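Model, not experiment: these values are computed from the prediction.
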Amino acid sequence: MKNEGIAGTERFASPGKGRGLRAVKHFAVGDLVFACPAYSYVLTVNERGAHCEYCFTRKEGLSKCGKCKQAYYCEIDCQKGDWPMHKLECTAMCSYGENWCPSETVRLVARIIMKQKVTTERTQSERLLLLSEFEAHLDKLDSEKNEMNQTDIAALHHFYSRHIDFPDDQTLTVLFGQVRRIGSSSYTSIVALMNHSCSPNVIVTYKGTVAEVRAVQDIQPGDEIFNSYIDLLYPTDDRNERLRDSYFFTCVCNECATRSKDGGKMALQKLSSPPQPEEVRKMVHYARNVIEEFRRAKHYKNILFSTICELSQEKMSSIFADTNVYVLHMMYQAMGVCLYMQDWDGAMSYGEKIIQPYSVHYPAYSLNVASMYLKLGRLYLGLERKTQGVKALKKAIAIMEVAHGKDHHYVTEVKQEVEELK
């Protein structure tokens with residue numbers, strides 16, 4: 001494939017950040033900065049059956065692997081192309097049956113090890129950064145993360161020992177540390193080279209297994225190219241807590257320095273007697289704990305969870321305004337429960353309360369906002385509110401055309417939905 005846009009960037013020493021990526025040409029909003037295939041990747045288990053294991057194309061009528069009957073492919077060429085990697089899992093899937101359960105991280109590491117054994121030259125993904133150059137930060141891991149690494153190493157040996165000659169455990173520990181920082185089921189070195197900002201000037205999306213990076217702000221020659229590593233809905237302190245925990249640094253971008261959006265994100269109810277700072281602090285602590293508990297929960301789309309959402313939202317709303325991000329988080333969870341339980345009116349009601357604050361709190365061209373417009377648009381259409389539905393879908397398209405590119409199949413599908421409504 002072509003490396004469009006890679007010629008418009010260069011690696012450089014970013015002051016205070018180490019390595020970085022910067023532009024050597026101008027990029028307007030929506031321009032493709034670069035596209036690059038993933039070095040290695042795995043399809044998540046819950047996407048199997050709907051996507052091709054090799055090219056990630058989403059379609060109906062995929063063909064099963066004849067042996068394990070768990071991997072699906074578009075065509076015979078995709079199945080042949082994936083075999084060097086799928087063979088790592090195919091026999092084991094047959095042997096272990098329902099007990100086949102390595103994590104995505106373990107599966108990705110296994111594929112990276114195999115790729116390293118058979119690759120002698122730099123791949124397109126490694127043109128600016130080798131995997132071996134990526135930081136593992138082992139000295140900063142707490143006991144929980146160290147234990148997680150050791151558990152993953154044990155799982156790697158358990159599930160893959162028939163097919164891979166492993167490096168020593170110290171090398172594996174470093175590799176797991178490097179991969180865990182990526183935080184996804186694919187690894188693309190050039191993407192990993194970009195530093196974080198809470199006001200990013202690019203967004204990373206995928207077309208199949210190819211990472212595409214597009215400008216969401218005007219980028220001038222010499223500007224550093226910044227991606228976001230985390231969900232940007234939350235206030236500065238929350239974002240930096242997440243960055244320190246997962247990536248071991250504190251962000252000093254302009255958004256964090258000025259805290260310009262924190263007032264809106266932490267909006268309080270307009271009460272005759274304003275809450276005291278200590279009351280606000282305690283409510284923030286409560287909200288963070290609730291959000292963390294929900295994040296850890298495995299099965300939560302039921303009536304009990306809906307009740308917990310409503311009670312938590314009611315408690316937070318005694319101090320926080322409806323546009324406060326903690327209240328919005330609970331509304332989003334409640335909307336998910338409504339969708340699961342097919343309470344379409346309830347889901348629409350939550351979506352209508354969420355969408356405007358999302359549009360303010362998130363950066364421009366956020367896919368979180370586009371996703372909410374898509375959900376709302378389809379809810380409106382299902383409830384026979386065609387005009388509102390089409391309007392919401394068009395707002396989603398406007399964001400997606402910048403973030404995904406006008407030729408992306410996601411954009412094409414939504415445009416087709418709108419066209420069929422005429």
Sidechain-backbone polar pair: [X] side chain, [Y] backbone, donor-acceptor under 3.5 Å:
X	Y	value
S366	Y362	no
S14	K17	no
N227	M194	no
K353	M331	no
T171	P167	no
R48	A71	no
S371	L367	no
D31	V33	no
S318	K315	yes
N195	R19	yes

Apply salt bridge (Lys or Arg N to Asp or Glu O under 4.0 Å) to D237 and R259, showing your working. CA-CA 9 Å; D237 289 341; R259 296 173 176 258; 2.8 Å; yes

Around atom [atom1] of [X], are there more than 12 heavy atoms of other residues, nucleotides or ligands at under 6.0 Å?
X	atom1	value
E133	CD	yes
K391	NZ	no
E147	CD	no
Y358	OH	yes

Taking the basic N atoms (NZ, or NE/NH1/NH2) and the acidic carboxylate oxygens, is any pair closer than 4.0 Å for [X] and [Y]?
X	Y	value
D223	K25	no
K207	D407	yes
K87	D82	no
E212	R214	yes
K265	D238	no
E53	R107	yes
E255	K261	no

For a side-chain hydrogen bond (donor to acceptor under 3.5 Å, both in side chains) check, start with the C-alpha distance between Y234 and H329, then their side-chain angles and the critical distance, and finish with the verdict. CA-CA 9 Å; Y234 301 95; H329 181 98; 2.6 Å; yes

Would you check if [X] and [Y] make a side-chain contact, meaning some heavy-atom pair closer than 4.5 Å?
X	Y	value
W100	C68	no
L128	E10	no
R11	L193	yes
S103	D152	yes
C55	C74	yes
M372	N368	no

To the nearest 0.5 Å, what is the distance between [atom1] on [X] and [atom2] on [Y]?
X	Y	atom1	atom2	answer
K140	R244	NZ	CZ	12.5 Å
L328	Q333	CG	CD	12.0 Å
N324	M330	CG	CE	12.0 Å
L393	K375	CG	NZ	14.0 Å
Y39	S125	OH	OG	8.5 Å
L43	F56	CG	CZ	5.0 Å

Would E293 and R288 satisfy salt bridge (Lys or Arg N to Asp or Glu O under 4.0 Å), going step by step from the backbone distance to the final call? CA-CA 9 Å; E293 286 179 20; R288 287 177 174 176; over 6 Å; no

Scan side-chain atoms only and decide if [X] and [Y] contain a donor-acceptor pair under the 3.5 Å cut-off.
X	Y	value
E75	Q79	no
Y160	E89	yes
D218	Q220	yes
D262	T236	yes
E352	Y380	yes
S317	Q269	no

Give the minimum heavy-atom separation between [X] and [Y], together with the two atoms involved.
X	Y	result
L339	A347	CD2-CB, 3.7 Å
H361	V325	CD2-CG1, 3.7 Å
M266	V284	CE-CG2, 3.4 Å
V24	T9	CG2-N, 3.8 Å
C52	L62	N-CD1, 3.8 Å
R239	C256	NH2-SG, 3.5 Å

In terms of ring plane angle, is the pair [X] and [Y] parallel, tilted or perpendicular, where the classes change at 30° and 60°?
X	Y	value
F320	Y326	tilted
W83	H86	perpendicular
F249	Y229	perpendicular

Residues that H408 engages under ring pair (Phe, Tyr, Trp, His ring centres under 6.0 Å), provided they are two or more places apart: H404, Y410

Working for salt bridge (Lys or Arg N to Asp or Glu O under 4.0 Å), residues E417 and R378: CA-CA 10 Å; E417 279 187 67; R378 287 162 178 165; 2.4 Å; yes

